[in-house]
There are 2 protein chains.
Amino acid sequence: MVKYPAALKVFVAIDCIIFGFDGRDLKLLLVKRNLEPQKGNWSLMGGFLYPDEDLDQGAGRIVKELTGLTNIYCEQLTVKGDKNRDPGARTVSVVYFALIKIEESDEELVRSHNASWIVLERRPDLIFDHNQMVLDAIDHLRYKAALHPIGFELLSETFTIPQLQKLYEAIYDVPIDRRNFSRKLLSTSLLIDTGMKNIHSTTKKATLYRLDKVRYNEKFHAFWNFMADSSKS
Amino acid sequence: MVKYPAALKVFVAIDCIIFGFDGRDLKLLLVKRNLEPQKGNWSLMGGFLYPDEDLDQGAGRIVKELTGLTNIYCEQLTVKGDKNRDPGARTVSVVYFALIKIEESDEELVRSHNASWIVLERRPDLIFDHNQMVLDAIDHLRYKAALHPIGFELLSETFTIPQLQKLYEAIYDVPIDRRNFSRKLLSTSLLIDTGMKNIHSTTKKATLYRLDKVRYNEKFHAFWNFMADSSKS
DNA sequence: CCAAAAGTGTTGTGTATACACCCATGT
DNA sequence: ACATGGGTGTATACACAACACTTTTGG
């Protein structure tokens with residue numbers, strides 16, 4: 001048994017960037033802090049890593065605590081460890097990237113944590129280096145959604161192609177040709193026609209599809225070449 | 001000033017996966033440990049994060065200590081923090097991914113650390129979760145090299161197109177058509193003809209190119225669509 | 001009947017692939 | 001001269017972008 005020098009120990013935090021989509025805008029789930037430090041300011045949902053949990057477990061715990069959801073899309077994004085990033089103490093923060101379906105999250109729970117869904121472009125200034133974390137996450141979302149079919153994680157179980165298109169237009173902030181988009185999506189064979197129509201429409205009712213989960217898992221790792229260009233590592 | 005509970009502190013290590021290419025094989029720079037724990041077994045080069053350094057600085061320090069090199073391609077890959085990953089103590093390890101030009105590394109220094117360049121496919125079993133880290137890194141290399149021109153980081157300042165091709169064939173373990181490869185590379189306008197030829201060849205001498213660093217930096221983030229498919233996150 | 005949104009078709013352009021052919025070099 | 005490897009050309013298929021047209025629905 002070897003002893004490591006205890007002076008090297010640091011705090012390990014986990015911060016979660018939680019994206020949602022309401023049909024028009026991309027949103028972030030942010031917390032208005034009601035305890036020190038930085039009480040009253042906005043931040044990402046986070047917490048310290050517990051001694052008895054793995055990193056992914058910790059992220060799952062934090063997301064569940066805020067939204068009530070368990071089986072969501074959640075992946076590790078980066079680690080931030082600048083020596084002065086948290087003025088309270090040397091802290092290394094593992095940043096997680098989560099995509100959830102807003103309407104499945106527990107409103108009650110969200111409110112009780114003093115959190116809200118905030119439109120991405122209208123987000124407030126965040127504490128510490130959380131602003132940079134969000135910028136990293138937006139880059140990552142654009143990068144990843146261009147190559148892998150993760151967009152579905154932000155929509156409900158059934159969705160229409162026009163809804164999906166609005167999502168991609170929100171992610172990349174560009175208009176997309178309706179006809180080419182539709183054809184490309186249908187050719188992925190990831191969509192299953194439910195036979196139902198979107199009854200909420202006031203004009204022609206769009207077809208409701210659901211995701212073919214088997215094909216989704218098979219095809220997830222294959223490149224998609226979906227959006228022609230994006231940015232960032 | 002707020003106090004965080006000190007019991008939550010953990011060790012933060014940095015482990016570096018260092019890739020090289022010798023013209024035929026992809027290689028890893030691995031260390032045969034000469035101190036406990038796991039003395040005599042192979043591992044990645046690593047160390048603890050110092051209290052007065054940022055994470056990227058720590059990775060730079062560790063790579064420099066082993067190779068003597070400073071301005072190399074080095075990016076954060078993942079964080080591993082399974083609660084039992086290091087039996088000595090709860091440790092979170094930040095894994096870095098580095099690409100270096102083998103011939104520029106300091107042989108003396110490498111030897112003095114009990115390290116060697118080992119052909120990727122013939123690597124020994126590594127300690128802790130280092131095997132998984134290497135697998136992650138190979139995936140990442142394939143993924144990234146398919147989209148961004150990082151291959152150049154593994155070749156010398158001047159290189160020939162056939163050399164570059166051998167590198168990509170090693171990365172993806174597939175044969176590539178010489179003519180299409182050449183055309184695709186030349187069309188990137190990342191290559192500058194040095195006017196020199198590879199004098200080591202025994203047949204027709206290939207043209208030596210060097211990287212257009214300005215264009216490289218401009219184009220780095222644009223997708224490349226280089227290899228048709230790869231795998232992984 | 002008309003406006004607005006959904007669905008389907010066509011066509012041109014560019015990019016990737018699969019080939020064939022010529023050139024330079026050392027033995 | 002010939003074997004080996006480097007360099008250039010071309011035809012085909014396929015994917016993508018830019019378009020026009022038809023259908024459904026509520027008012």
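When reading the values below, keep in mind they use all heavy atoms of this one structure, side chains included, and skip hydrogens, waters and symmetry mates. A, B, ... follow the sequence lines: proteins, then strands. Residue 1 opens every chain.
Of the charged side-chain nitrogens involved, none lies within less than 4.0 Å of a carboxylate oxygen, so that A:K80 and A:D15 do not count as a salt-bridged pair. We find that B:E169 and B:R178 are not joined by a salt bridge, their nearest charged nitrogen and carboxylate oxygen being 4.0 Å or further apart. Salt bridge status for A:R24 with A:D22: absent, with no side-chain N to carboxylate O gap under 4.0 Å.
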Going 5' to 3' through nucleotides 8-13 of chain D and flagging B where a protein heavy-atom sits under 4.0 Å of the base, S where only the sugar-phosphate is that close, and - otherwise, we get BBB---
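The stretch residues 198-207 of chain B comes close to DNA chain D through B:T203, B:K204, B:A206, B:T207, each having a heavy atom under 4.0 Å from the strand.
The distance between atom CG of A:L185 and atom P of D:dA15, rounded to the nearest whole Å, is 16 Å. Taking atom NZ of B:K197 as the reference point, atom P of D:dG5 lies 17 Å away to the nearest angstrom. Counting to the nearest Å, the P atom of C:dG7 and the CZ atom of A:F181 are 12 Å from each other. Residue B:I161 contributes atom CD1, which lies 17 Å from atom P of D:dG5 at whole-angstrom precision. As a whole-Å value, the separation of A:L208 CG from C:dG7 C1' is 15 Å.
Scanning all heavy atoms of the two residues, the minimum distance from A:A137 to A:I17 falls at CB-CD1, 3.5 Å. Looking at every heavy atom in both residues, B:R142 comes nearest to B:Y172 through O-OH, 2.5 Å. Across every non-hydrogen atom of B:T158 and B:Q163, the tightest pair is O-OE1, 4.5 Å. Across all non-hydrogen atoms, the minimal contact from A:A59 to A:I14 is N-CD1, 3.8 Å.
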Go through the steps to decide whether B:T78 and A:Q76 satisfy the test side chain to side chain contact (heavy atoms under 4.5 Å, CB included), and finish with yes or no. CA-CA 8 Å; B:T78 44; A:Q76 198 188 276; 3.6 Å; yes
Test B:I171 against B:F21 for side chain to side chain contact (heavy atoms under 4.5 Å, CB included), laying out the working first. CA-CA 10 Å; B:I171 292 175; B:F21 180 67; over 6 Å; no
Under the side chain to side chain contact (heavy atoms under 4.5 Å, CB included) criterion, do A:F159 and A:N198 qualify, and how do the steps go? CA-CA 8 Å; A:F159 51 86; A:N198 175 19; over 6 Å; no
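In this structure, B:Y73 has its ring center at least 6.0 angstrom away from the ring center of B:F152.
Computed from C1' positions of five pairs at each end, the angle between the two local axes of the helix from C:dC1-D:dG27 to C:dT27-D:dA1 equals 0°, rounded to 10 degrees.
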